[in-house]
Trainee: 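Please read through the structure below; I'll follow up with questions.
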Amino acid sequence: MNVSSTETTNSVSHFIFMGFPSSPEMQLLYFALFSVVYTLTLMGNAAIVCAVRWDRRLHTPMYIFLGNFSLLEICYVTTTVPNMLANFLSTSKSISFVSCFTQFYFFFSFGCDEGFFLCIMAFDRYLAICCPLYYPRIMTKQLYTGLVIFGWSCGFILFLTPVVLISQLPYCGPNTINHFVCDPVPLMLLSCSEDTTTQFIYSTFNAVFMIGTFLFILCSYALVIVAVLRMPSAASKHKAFSTCASHLAVVTLFYGSIMVMYVSPGSGHPVQVQKIITLFYSVITPFCNPLIYSLRNKEMKTALRKVFGIEIPVHKI
C-alpha cells in the first residue's frame with residue numbers, strides 16, 4: 001500500500017488476530033486443549049513457588065532463583081494465553097492498539113527476564129561447583145537479592161526501546177495480524193512504511209541479547225563440566241551433572257526456539273512455522289519447565305510432596 005509522505009498519523013485503532021483459522025468445532029477443541037495446558041502450567045509453576053517459599057531447606061540461592069524463575073513463567077504465559085483462549089471463543093478476535101503494544105511490551109520483557117534468570121542460575125551453578133569453598137562468602141544474601149532484582153528489572157528497561165520504536169511506525173491499514181500474539185515481526189510488516197532503521201535496531205538488539213546471554217550460559221556450563229570431570233567421586237559427579245542437566249534442558253528449549261524466530265526477523269519463516277515456534281516457547285516450554293526441574297531433583301520432589309500433602313515413603317537402596 002502506498003501512503004503519501006504527509007500521512008503520518010495512525011488510522012488503525014485496533015488489530016485483528018487471525019490465530020489458528022479452523023472450523024468452530026476445532027476452535028473449541030483448541031480452547032479445551034490450551035486451557036488444560038495453561039492450568040497445568042500455572043499449577044506446576046505455582047507449586048514450585050510455594051515449595052520454595054514454605055520449605056526452609058530450599059531457602060538457598062539455587063532454589064530462590066528457581067522459585068523466581070517459576071513465578072516469572074506464570075507472568076510470562078499470562079500475558080498471552082488468556083487472550084488467545086478468549087479469541088478461540090470470539091468471532092471478532094480484536095485487540096486495541098494500546099492493548100496490543102502493552103501485550104508486546106510485557107510478553108517480551110518477561111521473555112528477556114527469563115534469559116537473564118537463566119544466566120543468573122548458570123552463574124550460581126558455576127560458583128557452587130567450581131568455587132565451592134568461596135561460594136558462601138561470594139553468594140551472600142545481598143548478592144542473590146541484587147541478582148533477583150536485576151533479573152526482574154532488566155527486561156522492562158531494555159525492551160522500552162524496541163516497543164517505542166515499533167509503536168511509532170505509521171499504521172494505516174490493513175490491521176490483520178496473521179498470528180495469535182502481538183509479535184513485532186508481523187507488526188512491522190503491517191506498517192505503511194518500511195523502516196529499515198527500526199528493523200536493524202530491533203534485529204541488533206535481539207542478536208546481542210540472545211547471543212550474549214546464550215554464550216554466557218555456555219561458558220559457565222563449560223567450566224562447570226570441566227570441574228565436574230575432575231571430581232574424584234562418582235557420586236559427586238552424578239549429583240553435579242543431575243543438577244546441571246535440568247538447567248541445560250530448559251536453556252535448550254528456551255534458546256533453541258527464540259533464536260530461530262527472532263535473531264533474523266527478515267528471514268521470511270512461513271507464517272505457520274512462526275506460529276508453531278512462538279507456541280512452543282510461549283506455551284509448551286513454561287509447561288515443561290516444572291516437570292524438568294522437579295523430576296530430576298530429589299529435594300524439590302520432597303518439597304512438592306509436602307505442598308500437595310502426599311506422603312510417599314522413601315526406600316533406601
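We count residues from 1, following the sequence as given. Keep in mind that this is a model prediction, so the values were computed, not measured. FYI, side chains are in, hydrogens and waters are out, and symmetry mates aren't considered; it's all heavy atoms of this structure.
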Trainee: Flag the pair Phe159 / Tyr105 as yes when their ring centroid distance falls below 6.0 Å, and as no otherwise.
Mentor: no
Trainee: Does His179 reach the main-chain N or O of Pro186 with its side chain, forming a donor-acceptor pair under 3.5 Å?
Mentor: no
Trainee: Could you state the interatomic distance from CD (Gln103) to CG (Asp183), rounded to the nearest 0.5 Å?
Mentor: 9.5 Å
Trainee: Name the one of Tyr30, Phe17, Phe180 that satisfies ring pair (Phe, Tyr, Trp, His ring centres under 6.0 Å) with Phe88?
Mentor: Tyr30
Trainee: Are a donor atom and an acceptor atom from the side chains of Asp124 and Tyr135 found within less than 3.5 Å of each other?
Mentor: yes
Trainee: Using the benzene-type ring in the case of Trp, are the ring centres of Phe110 and Phe156 under 6.0 Å apart?
Mentor: yes
Trainee: Ignoring hydrogens and geometry, is there a side-chain-to-backbone donor-acceptor pair from Asn45 to Glu73 under 3.5 Å?
Mentor: no
Trainee: Check the angle between the aromatic planes of Tyr76 and Phe107 and answer parallel, tilted or perpendicular using the 30° and 60° thresholds.
Mentor: parallel
Trainee: Nearest 0.5 Å, please: how far is CG in Asn87 from CE in Met84?
Mentor: 9.0 Å
Trainee: Determine whether the side chains of Tyr202 and Asn206 contain a donor N or O and an acceptor N or O closer than 3.5 Å.
Mentor: yes
Trainee: Nearest 0.5 Å, please: how far is CD1 in Ile149 from CG in Asn68?
Mentor: 10.0 Å
Trainee: Centroid-to-centroid, Phe69 to Phe65, below 6.0 Å?
Mentor: no
Trainee: Output yes when a side-chain donor or acceptor of Ser191 lies under 3.5 Å from a complementary backbone atom of Met188, and no otherwise.
Mentor: no
Trainee: For the aromatic rings, using the six-membered ring if either is Trp, is the centroid distance between Phe108 and Phe104 under 6.0 Å?
Mentor: yes
Trainee: Is the Tyr281 to Phe254 ring centre distance short of 6.0 Å?
Mentor: no
Trainee: Compute whether any side-chain donor of one residue and acceptor of the other, for Tyr38 and Thr78, lie under 3.5 angstrom apart.
Mentor: yes
Trainee: Would the pair Cys112 and Cys154 meet an SG-SG distance criterion of under 2.5 Å?
Mentor: no
Trainee: Would you find more than 12 non-hydrogen atoms of other residues, nucleotides or ligands less than 6.0 Å from Tyr126 atom OH?
Mentor: no
Trainee: Would you say Lys93's side chain and Ile16's backbone share a donor-acceptor pair under 3.5 angstrom?
Mentor: no
Trainee: With Phe150, which of Tyr144, Phe117, Phe116 fulfils ring pair (Phe, Tyr, Trp, His ring centres under 6.0 Å)?
Mentor: Phe116
Trainee: Would you give the length of the straight line joining atom CG of Leu89 to atom CG of Leu28, rounded to the nearest 0.5 angstrom?
Mentor: 6.5 Å
